[in-house]
Amino acid sequence: MTRTVGELRVSNDALNDAEELRRRLNTEGYLFLRRLQNPDKLLALRRDITRLMMKGGWLVAGTDPMEGIARIEAQCTEGDLEYAAVYHQMYRLESFHRSGHWPEVISLIAKIAGEPVLPHPSKIARLWFPKYTEHTTPMHQDFVHFQGSYDTYTCWAPVGDCPIALGGLAVLAGSHRMRAIRDHHFSLGAGSLAVDESRLEGTWLSTDYEIGDSLVFNSLMVHQALPNLTEDRLRISLDNRYQHAGLPIAEHMLEPHLQGLHPLSWEEVYAAWESDELKYYWKKFDLQILPRLVTWGERSFAQALELAAGGDARAQLHLRRVVKRDPHSELSQRAQAVLAATSN
Ligand SMILES: O=C(O)CCC(=O)C(=O)O
Ligand SMILES: [Fe+2]
């Protein structure tokens, strides 16, 4: 994406005015708060995560892990076994899960959505390598991934400063007004689904994020990540989801993130936790749980097969990733057949 990016509107002035927050969310589709989250707590989390990245071989040995200086040879992303190796270590951190329950975020969501607020059990972080821009999160609506209710809110926040060049999140101004799910097609970036760019109008908004800054939007807002154009820095961010506990939630949001790609159980996640407080916390709510819709995922995979058969290098890369992850799965068999037919 090369186009001008406008500045997000800062809404800190409305932080204590629930009605005004809701009005801005309705008119603009997002709320951007400077330093909503405590920088010290985020830095402590960054320390925990970068320590695991160093242990996992993602960072240059001898550098300060807090700097997040990537070993370019270690590049990987969601869907890669190498990604899961570090992501799953991080996923076992109690501090990571606790960060999705920090009161500053919960009380903001309570003002928007009402109480009680349900933080989704499926907490999410992105650990994005530099010089890997074809894997940048493409433009999409979260609903196709997370489903449940349209009134599910994503809170995106970098775990460290995130200037434009490090590839923070951008939202498409006004895109929430079409209260509908747009067509999505195959894409190489995170989630493998993108909306058709030619049908989009409006200005992309982002900012030079500083630690603690948080961007909240609902699940129909079109957004994407900007590419990580730095020489050697990893971008670390959280995108946790929240909703009113009385609204429906899709069943996969009750499981650890990336369950479909890289299985992990809650018992494994909880194995080294010191406190029981957040274990299975959602069971105290009487939740309305919806089955996961596989429509979008299946369409993306079918398109990847078709594109790969026609010689599309990105689709072929996607299929090779599927095969490497689990050579014996049914999807892999189909991917292998296409790859074999197109190799020369
Ligand atoms: O951080 C990213 O690259 C993707 C985040 C995203 O799509 C989201 O927060 O919904
Ligand atoms: Fe998203």
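Numbering of ligands and ligand atoms starts at 1, following listing order. When reading the values below, keep in mind they use all heavy atoms of this one structure, side chains included, and skip hydrogens, waters and symmetry mates.
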Review point. Between R325, K324, R71, which is the residue that forms a salt bridge (Lys or Arg N to Asp or Glu O under 4.0 Å) with E82?
Key: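 The residue from R325, K324, R71 that satisfies salt bridge (Lys or Arg N to Asp or Glu O under 4.0 Å) with E82 turns out to be K324.
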Exercise for review: Look only at the side chain of D232 and the backbone of I69, and say whether a donor-acceptor pair between them is shorter than 3.5 Å.
Suggested key: no
Students often mix this up, so state it plainly: with edges at 30° and 60°, are the rings of [X] and [Y] parallel, tilted or perpendicular?
{"X": "W273", "Y": "H97", "result": "tilted"}
{"X": "F143", "Y": "Y150", "result": "perpendicular"}
{"X": "Y280", "Y": "Y270", "result": "perpendicular"}

Between ligand 1 and [X], can you find any atom pair, the residue atom being a heavy atom, that is separated by under 4.0 Å?
{"X": "M139", "value": "no"}
{"X": "H140", "value": "yes"}
{"X": "R235", "value": "yes"}

Review point. Is it the side chain (CB and beyond), the backbone, both or neither of R241 that lies under 4.0 Å from ligand 1, heavy atoms counted?
Key: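 Answer for R241: side chain.
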Practice item. Quick one: look at T136 and ligand 1, take heavy-atom pairs under 4.0 Å, and tell me if it's side chain, backbone, both or neither. Key: neither
Point to revise | T137: side-chain hydrogen bond (donor to acceptor under 3.5 Å, both in side chains) partners, not counting sequence neighbours | key: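 T137: side-chain hydrogen bond (donor to acceptor under 3.5 Å, both in side chains) contacts with W128.
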Check your understanding: Do ligand 1 and H223 have nitrogen or oxygen atoms that lie under 3.5 Å from each other?
Key ->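 Between H223 and ligand 1 (N or O atoms, distance only) the closest approach is under 3.5 Å.
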Check your understanding: Ion pair present between E277 and R98, side-chain N to carboxylate O less than 4.0 angstrom?
Key ->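 The answer is yes: the pair qualifies as a salt bridge.
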For ligand 1, which atoms, with element, lie under 4.0 Å from some heavy atom of [X]?
{"X": "T154", "value": "9 (O), 10 (O)"}
{"X": "A225", "value": "3 (O)"}
{"X": "T137", "value": "2 (C), 3 (O), 4 (C), 7 (O)"}

**Study point:** atom 5 (C) of ligand 1: nearest protein contact (heavy atom, Å)
**Key:**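 Looking only at protein heavy atoms, the one closest to atom 5 (C) of ligand 1 is L169 CD1, 3.6 Å.
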Point to revise | For atom 9 (O) of ligand 1, closest protein heavy-atom neighbour | key: D239 CB, 3.0 Å
Point to revise | Face-on cation placement of R241 at F146 ring, 6.0 Å and 45° thresholds | key: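 The answer is yes, since R241 meets both limits relative to F146.
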Check your understanding: If we ignore angles and hydrogens, is there a donor and acceptor under 3.5 Å between the side chains of R9 and S11?
Key -> no
Practice item. Give every protein N, O or S atom lying under 2.8 Å from the Fe ion (ligand 2), naming each by residue and atom. Key: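 Only H140 NE2, D142 OD1, H223 NE2 fall inside 2.8 Å of the Fe ion (ligand 2).
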Revision key, fill the gap. Closest non-hydrogen contact found for H257 with Y91 is N-OH, 3.0 Å
Check your understanding: Name the one of Q224, R182, H223 that satisfies side chain to side chain donor-acceptor pair (under 3.5 Å) with H140?
Key -> H223
